[in-house]
Amino acid sequence: MANTVRRLESDDVAAVEALLAAKRRQLAEWSPQFWRTAAGAVEVHELFLQWLLSDDANVGLTTADVDGVLIATPRDGAWLIDDFAVSGPGAWSTVGRALLEHAREQLGAGISVVCASRDVEQRALLDTCALVPYEEWWVADPALVATFASPAAASGDLPVASIVPAPPVYDPGGPVALVSTWDGERDSLAAYARAVDGECALVVVPVGFDDERRRAAVEDLGFTVASVWYR
């Protein structure tokens, strides 16, 4: 059967990278700066996939026809599924479901799946498979957010963030400020964006899915939600 799930092998890398490259093109349409594709992304990611498959700690799955791919990597005692793609939107309910169900049987509890907020078909699969959204990543250009900063906010406690490079397959235009601690106040986040404007290409703020206060603050500052994390 076409949907029969099997282990991902090194010989499959070129085929599954084609699936992942197509997904990256779609992601770039949904969040053009956050997911802007870097030059040479295909070659870089093929090497990355080969490296992942060389480590038995990771779990890579595909199907008999290589029309889907799922890769799970261990993180903090759980499993992160980020590289997850199928041959087309209509395949999420068939190929995607087969891959995800096999992964859950093999890995057990503690799975997190990253999904684009605007990927309606993948989100429908995750919902029907009883995974629950728990966090959203909101993104914005600091120059935009800085326009909302008030002088009074500069004296408050600014968010804590890590300045990190984007993954090599993406090119948002520079480093990214990934906020780890934030008091939820609109003014303090705007002041932080003003402080890092020119140093970072993007500010990324993880917000709890049910945190309406923080969600309202980032939306008011011009952030848009890029990805949703399920578990």
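Numbers here are sequence positions counted from 1. Scope of the values below: all heavy atoms of this structure, side chains included, with no hydrogens, waters or symmetry mates.
Within 6.0 Å of CZ in Arg213 there are more than 12 heavy atoms belonging to other residues, nucleotides or ligands.
Between the CH2 atom of Trp182 and the OH atom of Tyr192 there is a distance of 13.0 Å, given to the nearest 0.5 Å. To the nearest 0.5 angstrom, Glu43 atom CD is 8.5 Å from Glu17 atom CD. Between Gln33 atom CD and Asp141 atom CG the span is 5.0 Å, to the nearest 0.5 Å. Note that the CG atom of Asp183 and the CZ atom of Arg214 stand 7.0 Å from one another [nearest 0.5 Å]. Note that CG of Leu70 is 10.0 Å distant from NE2 of His102, once rounded to the nearest 0.5 Å. If you take CZ on Arg24 and CG on Leu19, they are separated by 11.0 Å, rounding to the nearest 0.5 Å.
Cluster membership check: Val69 shares its hydrophobic cluster with Val66, using side-chain heavy-atom separations under 4.5 Å among Ile, Leu, Val, Met, Phe, Trp and Tyr. In this structure, Leu131 is a member of the same hydrophobic cluster as Leu125, with clusters built from ILVMFWY side-chain heavy atoms closer than 4.5 Å. Leu107 and Leu100 end up in the same hydrophobic cluster when Ile, Leu, Val, Met, Phe, Trp and Tyr side chains are linked at under 4.5 Å. Both Trp30 and Leu202 sit in one connected hydrophobic cluster of ILVMFWY residues. Membership requires side-chain heavy atoms under 4.5 Å apart, directly or through other members. No continuous path of hydrophobic side-chain contacts links Ile71 to Leu27 [ILVMFWY only; heavy atoms under 4.5 Å].
Salt bridge present: Arg215 and Glu212 bring a charged side-chain N and a carboxylate O closer than 4.0 Å.
Across all their heavy atoms, Pro142 and Ala201 have their closest contact at CD-O, 3.3 Å. Of all heavy-atom pairs between Ser150 and Arg194, the closest is O-NH2, 3.8 Å. Across Arg6 and Ala64, no two heavy atoms sit closer than the pair NE-CA, 4.2 Å.
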For residues 73-98, run the donor-acceptor check on the side chains, cut-off 3.5 Å, and write out each pair with its distance to 0.1 Å, sequence neighbours left out.
residue, atom, partner, partner atom, Å
Thr94, OG1, Ala91, O, 3.3
Arg97, NH2, Thr128, OG1, 2.9

Side-chain donor/acceptor pairs under 3.5 Å, residues 161-180, sequence neighbours excluded:
residue, atom, partner, partner atom, Å
Asp171, OD1, Gly173, N, 3.2
Ser180, OG, Val160, O, 3.2

Which side-chain N or O atoms in residues 112-120 pair as donor and acceptor under 3.5 Å with protein atoms at least two apart or in another chain?
residue, atom, partner, partner atom, Å
Ser112, OG, Tyr134, OH, 3.3
Asp119, OD1, Gln122, N, 3.1

Could you list the donor-acceptor pairs under 3.5 angstrom formed between side-chain atoms of residues 48-60 and any protein atom two or more places apart in sequence or on another chain?
residue, atom, partner, partner atom, Å
Gln50, OE1, Ser10, OG, 3.3
Gln50, NE2, Ser10, O, 3.4
Ser54, OG, Trp51, O, 2.5
Asp55, OD1, Ala57, N, 2.9
Asn58, ND2, Leu52, O, 3.0

Side chains of residues 218-231: which donor-acceptor pairs under 3.5 Å do they make with residues two or more places apart or in other chains?
residue, atom, partner, partner atom, Å
Asp220, OD2, Arg186, NE, 2.6
Tyr230, OH, Arg123, NE, 2.9
Tyr230, OH, Arg123, NH2, 3.4

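Taking the side chain as every heavy atom from C-beta outward, Leu189 and Phe148 never approach each other to under 4.5 Å.
Residues passing the side chain to side chain donor-acceptor pair (under 3.5 Å) test with Trp138 are Glu136, sequence neighbours excluded.
Panel note: side chain Thr63, backbone Asp67; a donor-acceptor pair is recorded below 3.5 Å.
Side-chain N/O atoms of Asp12 and Thr62 include no donor and acceptor closer than 3.5 Å.
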